[in-house]
Protein chains: 2
Amino acid sequence: MPSTTSSGPSLREISRDAVRARITEVALDLFAERGFDQVTVDQIAAAAGMSGRTFHRYFPAKEDVVVGEPERWGEFVRDAFAARPADEPVWDSLLASFEAFIGLLAQDGRVQRGKVGMRILVSTASLRARNLEKHQLWGRMLLPLVAARLPDDGDTALRAEIIVQASLACLDVAFTTWADVDDDTTISELLERSFAMLRPTA
Amino acid sequence: MPSTTSSGPSLREISRDAVRARITEVALDLFAERGFDQVTVDQIAAAAGMSGRTFHRYFPAKEDVVVGEPERWGEFVRDAFAARPADEPVWDSLLASFEAFIGLLAQDGRVQRGKVGMRILVSTASLRARNLEKHQLWGRMLLPLVAARLPDDGDTALRAEIIVQASLACLDVAFTTWADVDDDTTISELLERSFAMLRPTA
DNA sequence: CCGCATGTGTCAGGGCCTGACAGATATGGC
DNA sequence: GCCATATCTGTCAGGCCCTGACACATGCGG
């Protein structure tokens with residue numbers, strides 16, 4: 001058993017990530033060309049040189065090719081939030097965490113491909129649904145941390161829930177309108193403007 | 001052809017609604033007992049005395065039994081919003097529209113059954129997803145009306161989007177926490193408290 | 001060279017959903 | 001009461017998504 005010999009990602013994992021990336025590339029091309037619902041899993045698999053069964057060994061569901069790995073990125077956002085100073089206003093911390101996430105995407109050069117993916121996403125019902133589920137997962141991951149930051153005024157649970165959901169709505173709107181327009185407006189910019197509309201004016 | 005002889009709902013429609021109600025009743029019982037994913041469409045159909053094919057003639061998808069008819073209720077909410085005075089603050093109009101919707105549910109005596117349905121809903125991934133899609137539909141229906149109410153400050157589109165999404169998030173939180181607790185807290189009360197946390201403090 | 005873990009293909013099957021067809025039922029006109 | 005029509009229903013066939021089970025291949029360590 002190789003166990004964790006030394007370096008971070010094992011060879012297996014590198015290979016696995018590479019195959020995932022290849023599948024994603026092929027699939028997004030097909031989706032952009034024909035539409036998500038008009039492409040079958042077997043067609044993606046064939047284009048990527050594998051069987052349909054193997055496709056499902058990399059992606060539990062067809063939607064996951066577009067939506068990505070909510071759990072993984074959710075942990076990133078959660079950790080980013082946790083790393084913020086404890087006396088910072090929650091809205092600021094949330095904004096910073098989301099922007100860190102956006103920066104993570106940009107770093108991978110996924111931005112351009114991300115726009116293609118986003119357009120596919122907003123144009124397909126089952127994808128929108130899966131994406132909204134992702135947000136709910138993030139919400140459940142962020143909720144306890146946000147609640148811990150709020151003053152205990154007897155309504156903390158509800159307030160935390162609202163803040164988390166509202167900020168996620170901002171994130172969603174930012175991504176959606178970003179994918180919608182053709183100019184070079186930044187997601188971060190849209191996100192900041194969105195936050196500014198909701199956060200307490202104080 | 002009967003056309004529209006006179007009275008509102010034709011006999012066909014009454015029958016159709018009755019069958020739908022019967023299916024809903026049977027299905028919710030099964031879901032509450034075994035869980036949504038552990039009940040097949042054929043089992044629901046058998047319990048309701050019909051074939052699986054016929055079930056799908058009343059509900060396009062299994063999830064629709066729990067989620068209901070988003071289009072229909074969305075129109076109700078939209079119309080309720082449109083009926084509000086044009087000089088009322090949008091947040092007030094939205095709150096009033098949602099409360100009218102809640103009142104509609106209560107009127108049908110669906111509240112108790114609604115709580116059962118809500119609990120099934122929040123405990124099943126595919127149902128949560130479908131429900132969130134419903135909210136997106138409502139959002140698209142409300143968006144133009146909300147935008148028309150806002151002062152044209154150059155950022156109206158984004159602001160309208162944010163307000164709609166945030167208010168829908170409030171509605172979602174209100175319903176979810178309502179289903180979560182066992183006391184007699186009203187949905188309306190939760191909704192008002194949620195709104196109070198987001199609307200401009202002015 | 002031999003075990004062992006991992007990756008892959010094939011096969012079979014369940015579940016959701018749809019189109020097509022034929023039989024049953026109800027509605028409205030005569 | 002009878003017929004033409006529209007509607008409802010069941011059955012059948014099929015496609016698609018996804019999963020478990022099995023067998024074969026590949027690569028690694030001893």
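All of these numbers come straight from a predicted model, not from anything done at the bench. Each chain gets a letter, A, B and so on, in the order the sequences are listed, and its residues count up from 1. Atoms considered below: every heavy atom in the structure, side chains included; atoms not considered: hydrogens, waters and symmetry mates.
The existence of a salt bridge linking B:K62 and B:D42 is excluded, since no basic side-chain nitrogen approaches an acidic carboxylate oxygen closer than 4.0 Å. Taking 4.0 Å as the cut-off between side-chain N and carboxylate O, B:R159 and B:D153 count as a salt-bridged pair.
Rounded to 10 degrees, the angle between the two end axes of the helix from C:dC1-D:dG30 to C:dC30-D:dG1 is 10°, with five pairs used at each end.
The distance between atom NE2 of B:H56 and atom P of D:dT9, rounded to the nearest whole Å, is 15 Å. For A:F59 and D:dC16, the CZ to C1' distance is 19 Å, given to the nearest whole Å. Across the protein-nucleic acid pair, A:K62 atom NZ and C:dC16 atom P stand 18 Å apart, rounded to whole Å. Distance CG (A:D37) to C1' (D:dC17): 12 Å, rounded to an integer number of Å. Counting to the nearest Å, the P atom of D:dC17 and the CG atom of A:L127 are 12 Å from each other.
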Less than 3.5 Å apart, which donor and acceptor atoms pair up between the side chains of residues 161-171 of chain A and the rest of the protein, not counting sequence neighbours?
| unit_1 | atom_1 | unit_2 | atom_2 | d |
| --- | --- | --- | --- | --- |
| A:S167 | OG | A:I163 | O | 3.1 |
| A:S167 | OG | A:V164 | O | 2.8 |

I'd like a table of donor-acceptor pairs (distance under 3.5 Å, sequence neighbours excluded) in which one partner is a side-chain atom from residues 85-96 of chain A, with atom names and distances.
| unit_1 | atom_1 | unit_2 | atom_2 | d |
| --- | --- | --- | --- | --- |
| A:E88 | OE1 | A:R84 | NH1 | 3.3 |
| A:E88 | OE1 | A:S93 | OG | 2.6 |
| A:E88 | OE2 | A:R84 | NH1 | 2.8 |
| A:D92 | OD1 | A:R199 | NH1 | 3.0 |
| A:D92 | OD1 | A:R199 | NH2 | 2.6 |
| A:S93 | OG | A:P89 | O | 3.4 |
| A:S93 | OG | A:R149 | NH1 | 2.9 |

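Within the 3.5 Å criterion, the main-chain N or O of A:D64 finds no donor-acceptor partner in the side chain of A:R130.
Residue contacts for A:E63: at a heavy-atom cut-off of 4.0 Å it reaches the sugar-phosphate backbone alone, with no base atom in range. Using a 4.0 Å heavy-atom criterion, one finds that B:Y58 contacts the sugar-phosphate atoms exclusively.
In this structure, OG1 on A:T177 lies 4.0 Å from CG on A:L190, to the nearest 0.5 angstrom. In this structure, CZ on B:R16 lies 6.0 Å from OH on B:Y58, to the nearest 0.5 angstrom. Taken from NE2 in A:H56 to OG in A:S51, the straight-line distance is 10.5 Å, to the nearest 0.5 Å.
Sparse packing is recorded around CG of A:D184, with 12 or fewer heavy atoms of other residues, nucleotides or ligands lying under 6.0 Å away.
With sequence neighbours excluded, no residue forms a side chain to side chain donor-acceptor pair (under 3.5 Å) with A:R140.
Between A:W138 and A:F101, a ring centre-to-centre spacing shorter than 6.0 Å is recorded.
Taking the side chain of A:T40 as heavy atoms from C-beta on, and the options C:dC17, D:dT19, D:dC16, the nearest nucleotide is D:dC16.
Near-neighbour residues of DNA chain D inside residues 41-55 of chain A, defined by a heavy atom below 4.0 Å, number-ordered: A:V41, A:R53.
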Check nucleotides 22-24 of chain D against the protein and report each pair of N or O atoms closer than 3.5 Å, with its distance, or say if there are none.
none

